[in-house]
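Take a look at the structure set out below.
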Amino acid sequence: MSLVVYNTLTRKKEEFKPLVEGRVRIYVCGPTVYDYSHIGHAKTYVAFDTLVRYLRWSGYNVRYVQNITDVGHLLDSGEDRILKGAARERIEPMEIVERYTRAYFDDMDALGVQRPDISPRASAHIPEQIEMIKTLIAGGHAYESNGSVYFAVASYTDYGRFSGRKVEEMAEGTRKPVLEEKRNAEDFALWKKAAPEHILRWSSPWGWGFPGWHIECSAMSTKYLGDTFDIHGGGVDNIFPHNECEIAQAEAATGKPFANYWLLTGSLTVDGVKMSKSLGNFVTLRDLLKKHRPEALRFFVLSGNYRSPIDFSDEALEAAAKGWARLAAPAQAVRERLRSPNLPQGADEGLAGVIAEARAAFVAAMDDDFNSAAALAGLFEFNKIVNTLLNAEASVAQGTLQAIGAFYGETAGQVLGVLSGQSATAANADREAGLIRLLIELRAEARKRKDFATGDAIRNRLAALGVALEDGKEGTSWKL
RNA sequence: GGCGACGUCGCCAAGUGGUAAGGCAAGGGUCUGCAAAACCCUCAUUCGGCGGUUCAAAUCCGCCCGUCGCCUCCA
C-alpha cells in the first residue's frame, strides 16, 4: 500500500511520489495577520498539520513552509488589510502584524498544530519578490506602467488551466472598470505604486510601492523549497485568482513546473453560510476554545474529509465533543491503569494481532488521501475491544496495556493530535493523581460502611472540579 | 451568467462498479447502593429526482431539482 492523494492540478487521485525519495517539500498559504484567527483557519491548518504529522510518522523527512501575509493583501474597497487594522486600533502597521502573528501562533499552539519549519513573512522578503518581478520583466512576462508592474497574462499560455477558467470569459465577467495603465483587463499586479497615504511602502526599481498579494507565495515558496516542489496546500476559495496567479508567476519566472501536487481544503460555513463579520457569524478560535477543548475541535475537523466543505454550528461541535470524549476515554483509562502497582506481567498474544489489524486499518485510511474520518471509525472499533477488555473480570497484563497505550499514542496522539497529553508538568500530574486516589480510597471506606452520603459527596465535589469517577470491577477509576 | 464542489438514517459522516463503516441522538437490556462509564440488542432493502449503461450502480453517463464556494484588474 502506498499513499494516494487527490491532486487538484489533475483533478484525480494519484499515487504520491515525492521529487526526492523519502523527502517532502510542502508549502501552504498562511494567514493574513490583521485580525484574530477563526474557525476557518482551524479547519485548514489542522488538516495540513495532520497531513504533515502523518507524512512524518510514515517516515518522510518533511520541510513545511507556511507564509505570514503582512503586506499587499487588499480588501474589495482597495484598502490594505494591514493598514485598515492599524487604523482601527490606532497603532503602527507592524504592531498589528506582530500582535496578530503572535495571536495566530497562540491559537494554533492551543489547537496542537505543530509549527511549520519556516514561517516566512512577506514583508521580510521584499528583495526576493522584487528579484522575481525583475526576472519576469526581463522575460517579457511583465511590464511597468505608471510606477506599477503587471503580469502580462497573454505571455503565459497556461493561465486559467488550474482554475478551469478561460481568459476571454473572465474579461467579459469584469464588474469594474479596467485601470487604463494595464494592457489587458486580465493582467494582475505584481507591484503597486504606493499612494501618498499608503504608509506600508518599500523602495523598488519602479519607485515607492508594495508587492501584489500573489507574488509573495511564488517568491518565498521557491526560495525555501526550490523551483519545483512536492505539495502546495491552501483553501479552495483561493484557487482563483491567488493560486492561478502564483502558478503563472512562478512558472513564467523559473521556466519549470511549480508544485507537483495541489491539495486544497474545502470551505467552511457557519450555520450554512459563509462566515463574515457583517453577518455576525464570525467565530474566533479564542472564543471557541473558552467553551471547548482543543482536542474536540480537532476531532470536529478530522471527522470529515479535508476536501469536503464543513458546516460549523454549536450543535455540531457539541456532538463532536461527545464523540471525542468517547474516543479518548479508553486511552485515558489505559494510562490510568498503568499507574497502578501489582499489574500481571506479560502480554496477550491475541491482542497483539488485534492491534496489528487496527494499525493496518489506520494506515489504509490515512494512505487514501488522508481519510481521517475512516481512520477515526477504525479507532472507535478498536475502542470497543479495549473497553470490553478493561471491563473483563481478569486483570489486563502490563505488556498488553503498554501495547494498547503505545498504539493510541501513535495514532490518536502523534498523528491525529486528538489525545490530550500529560497534563501540566509530570510532578504536578503525579501529585494530582495521588490526591485523587486518596479521595477515592476515603470514598471506598465510606461506601463499605454504607455511608453513601459521604461517598456521593466526594464523587459530586470531584465532578464539579472536572474529575469523573467510574466504579468498575477493578475498583474505581477516574478521568479528567 | 461562467467555473468548481456537494446532496448517503432525526443530525454529522465514510464508502467512487459487487450488494450501505463510524460518531451524535433515540428505544430496550446487562452491570451498579444510586449513578456514571462500558458492553449487548434495535435503528437506511436504501444513497436528491427521473432516465440510461451493466450480470451487478450510492458509485459510470444524461437531464432535472436543491445547497455551498469562487468570479481577476483594487486579491
Side-chain angles (χ1 to χ4, degrees), chain A residues 8 11 13 32 69 72-81 148 150-151 153 159-160 163-179 181-189 192 212-215 235-242 244-246 264 266-269 272-274 299-300 303-305 307-311 313 315-327 329-330 333 361 365 368 371-381 383-392 447 450-452 455-456 459-460 463 468-473 476-477 479:
Chain A
T8 299
R11 311 226 178 241
K13 280 188 182 178
T32 300
T69 297
H73 193 179
L74 307 180
L75 292 157
D76 276 344
S77 58
E79 295 167 280
D80 184 295
R81 289 169 197 257
S148 292
Y150 293 95
F151 185 87
V153 167
Y159 190 82
S163 58
R165 281 157 213 267
K166 292 186 174 60
V167 173
E168 313 83 65
E169 287 171 3
M170 285 188 279
E172 285 168 19
T174 296
R175 296 177 301 185
K176 298 171 188 171
V178 178
L179 282 180
E181 62 193 45
K182 294 204 309 186
R183 288 183 195 163
N184 290 297
E186 62 272 18
D187 292 350
F188 57 89
K192 288 295 289 182
W213 174 38
H214 315 305
I215 193 73
V236 271
D237 31 345
N238 275 337
I239 196 165
F240 190 86
H242 185 60
E244 185 75 64
C245 295
E246 259 185 88
L264 303 178
S267 52
L268 178 134
T269 51
V273 292
K274 186 181 168 73
F299 180 92
F300 172 70
S303 59
N305 186 286
R307 284 191 286 126
S308 302
I310 191 171
D311 185 47
S313 64
E315 304 80 72
L317 194 56
E318 213 59 61
K322 285 182 188 162
W324 170 78
R326 233 174 88 77
L327 177 78
D368 181 15
N371 191 337
S372 51
L376 286 172
L379 292 180
F380 273 110
E381 291 189 20
N383 271 3
K384 213 167 249 194
I385 296 166
V386 174
N387 279 327
T388 303
L389 193 69
L390 292 177
N391 282 329
R447 292 175 70 213
K450 302 277 183 205
D451 178 5
F452 295 121
D456 289 350
R459 184 172 63 193
N460 293 338
L469 297 191
E470 293 168 4
D471 297 332
K473 296 216 166 66
T476 301
S477 60
K479 68 181 180 191

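Chain letters run A, B, ... following the sequence lines, proteins first and then strands; every chain starts at 1.
Nucleotide B:rC43 is matched to nothing when pairs are restricted to Watson-Crick or G-U wobble geometry with both distances under 3.5 angstrom. When both pairing distances are held under 3.5 Å, B:rU32 makes no Watson-Crick or G-U pair with any nucleotide shown. If you check B:rU16 for Watson-Crick or wobble pairing at under 3.5 angstrom, you find it has no partner at all. Across all strands shown, the partner of B:rC70 is B:rG2, judged by Watson-Crick or G-U wobble contacts whose two distances both fall under 3.5 Å. Across all strands shown, nothing is found opposite B:rU53 as a Watson-Crick or G-U wobble partner with both distances under 3.5 Å.
Each of A:Ala468 and A:Gly323 was assigned the nucleotide of RNA chain B with the nearest heavy atom; the assignment lying further toward the 5' end belongs to A:Gly323. Positionally, the nearest nucleotide of RNA chain B for A:Arg11 lies more toward the 5' end than for the other of A:Arg11 and A:Arg459.
Out of B:rA5, B:rA25, B:rC39, the shortest distance to the side chain of A:Asn387 is found at B:rC39. The side chain of A:Ala377 lies closest to B:rG22, out of B:rC34, B:rA38, B:rG22. Nearest to the side chain of A:Glu186, among B:rC24, B:rA14, B:rU72, sits B:rU72. Of the listed nucleotides (B:rG23, B:rC68, B:rC70), B:rC68 has the atom at the smallest distance from the side chain of A:Thr269. With distances taken from any side-chain atom of A:Asp456 to the nucleotides B:rC34, B:rG4, B:rC39, the minimum falls on B:rC34.
One C1' atom belongs to B:rC71, the other to B:rC61, and the distance between them is 29 Å to the nearest Å. When the C1' atom is compared between B:rC68 and B:rG62, the two are found 24 Å apart, to the nearest whole Å. Atom P of B:rA57 sits at a distance of 26 Å from the matching atom of B:rC11, rounded to the whole Å. Rounded to whole Å, the P atom of B:rG10 lies 13 Å from the corresponding atom of B:rC47. Rounded to a whole angstrom, the distance from the P atom of B:rA25 to that of B:rU53 is 45 Å. Nucleotides B:rG48 and B:rA20 are separated by 16 Å at their P atoms, to the nearest Å. For B:rG4 and B:rA14, the C1' atoms lie 23 Å apart once the distance is rounded to whole Å. For the C1' atoms, the distance linking B:rU19 with B:rA56 amounts to 8 Å, nearest Å.
Nucleotide B:rA21 holds its P atom 17 Å from the CG atom of A:Asp368, rounded to whole Å. Atom CD1 of A:Ile310 and atom C1' of B:rU67 are 16 Å apart (whole Å). Between the P atom of B:rC71 and the CD atom of A:Glu244 lies a distance of 13 Å, rounded to the nearest Å. Rounded to an integer number of Å, the gap from A:Leu327 CG to B:rG23 P is 10 Å. In this structure, the CZ atom of A:Phe240 is 18 Å from the P atom of B:rG69, given to the nearest Å. The CG atom of A:Asn383 sits 19 Å away from the P atom of B:rA21 (whole-angstrom rounding). Put simply, CG on A:Leu389 is 13 Å from P on B:rC40, counting in whole angstrom units. Between the CD atom of A:Glu246 and the P atom of B:rU72 there is a distance of 17 Å, rounded to whole Å.
Within 4.0 Å of A:Asn238, counting heavy atoms only, lies no atom of the nucleic acid at all. A:His214 comes within 4.0 angstrom of the backbone, heavy atoms only, and of no base. Note on A:Phe380: only backbone sugar-phosphate atoms sit closer than 4.0 angstrom, heavy atoms only; bases stay farther off. Residue-level contact check: A:Tyr150 touches the backbone only, with heavy atoms under 4.0 Å from sugar-phosphate atoms and none from bases. Looking at heavy-atom distances under 4.0 Å, A:Gly272 makes contact with sugar-phosphate atoms alone, never a base. Across all strands shown, A:Ser477 has no heavy atoms under 4.0 Å from either base or sugar-phosphate atoms. Using a 4.0 Å heavy-atom cutoff across all strands shown, A:Lys192 reaches sugar-phosphate atoms only and no base atom. Using a 4.0 Å heavy-atom cutoff across all strands shown, A:Glu381 reaches sugar-phosphate atoms only and no base atom. If you check every strand for non-hydrogen atoms under 4.0 Å, A:Ala319 touches sugar and phosphate atoms only. Using a 4.0 Å heavy-atom distance criterion, A:Lys384 is classed as a sugar-phosphate-only contact.
At B:rU32, none of the side-chain N or O atoms of A:Arg447 fall inside 4.0 Å of OP1 or OP2 (strictly under the cut-off). For B:rC70, neither phosphate oxygen OP1 nor OP2 lies less than 4.0 angstrom from any side-chain nitrogen or oxygen of A:Arg165. At the phosphate of B:rA5, neither OP1 nor OP2 sits under 4.0 Å from any side-chain N or O atom of A:Arg307. A:Lys274 has no side-chain polar atom (N or O) that falls below the 4.0 Å cut-off from OP1 or OP2 of B:rC68. Dashed line: the shortest gap from a side-chain N or O of A:Ser267 to OP1 or OP2 of B:rG4 is not under 4.0 Å. Put simply, A:Asn371 has no side-chain N or O that comes within less than 4.0 Å of OP1 or OP2 on B:rA14.
For a distance-only test at 3.5 Å, the side chain of A:Asp451 fails to qualify as a donor-acceptor partner of the base of B:rG33. Judged by distance alone, with hydrogens and angles left aside, A:Asp471 brings a side-chain donor or acceptor within reach of the base of B:rA35, the pair sitting under 3.5 Å.
Relative orientation of the A:Trp213 and A:His242 rings is parallel, given thresholds of 30° and 60° on the angle between their planes. Ring geometry for A:Phe151 against A:Phe188 counts as parallel: the plane angle stays under 30°, on a 0 to 90° scale with 60° as the upper cut.
Summarising the geometry of A:Phe300 relative to A:Ala320, their closest heavy-atom pair is CB-CB, 3.7 Å, with the distance given to 0.1 Å.
Panel note: side chain A:Glu246, backbone A:His214; no donor-acceptor pair is recorded below 3.5 Å. Remark: the backbone N or O of A:Ala374 is paired with a side-chain donor or acceptor of A:Asn371 at under 3.5 angstrom. A donor-acceptor distance shorter than 3.5 angstrom exists from the side chain of A:Asp187 to the backbone of A:Asn184, with no hydrogens or angles considered. In this structure, A:Glu244 contributes its side chain and A:Ser163 its backbone to a donor-acceptor pair below 3.5 Å. In this structure, the side chain of A:Asn383 engages the main chain of A:Leu327 through a donor-acceptor pair within 3.5 Å.
In this structure, A:Arg459 CZ and A:Thr476 OG1 are separated by 9.0 Å, a value rounded to the nearest 0.5 Å.
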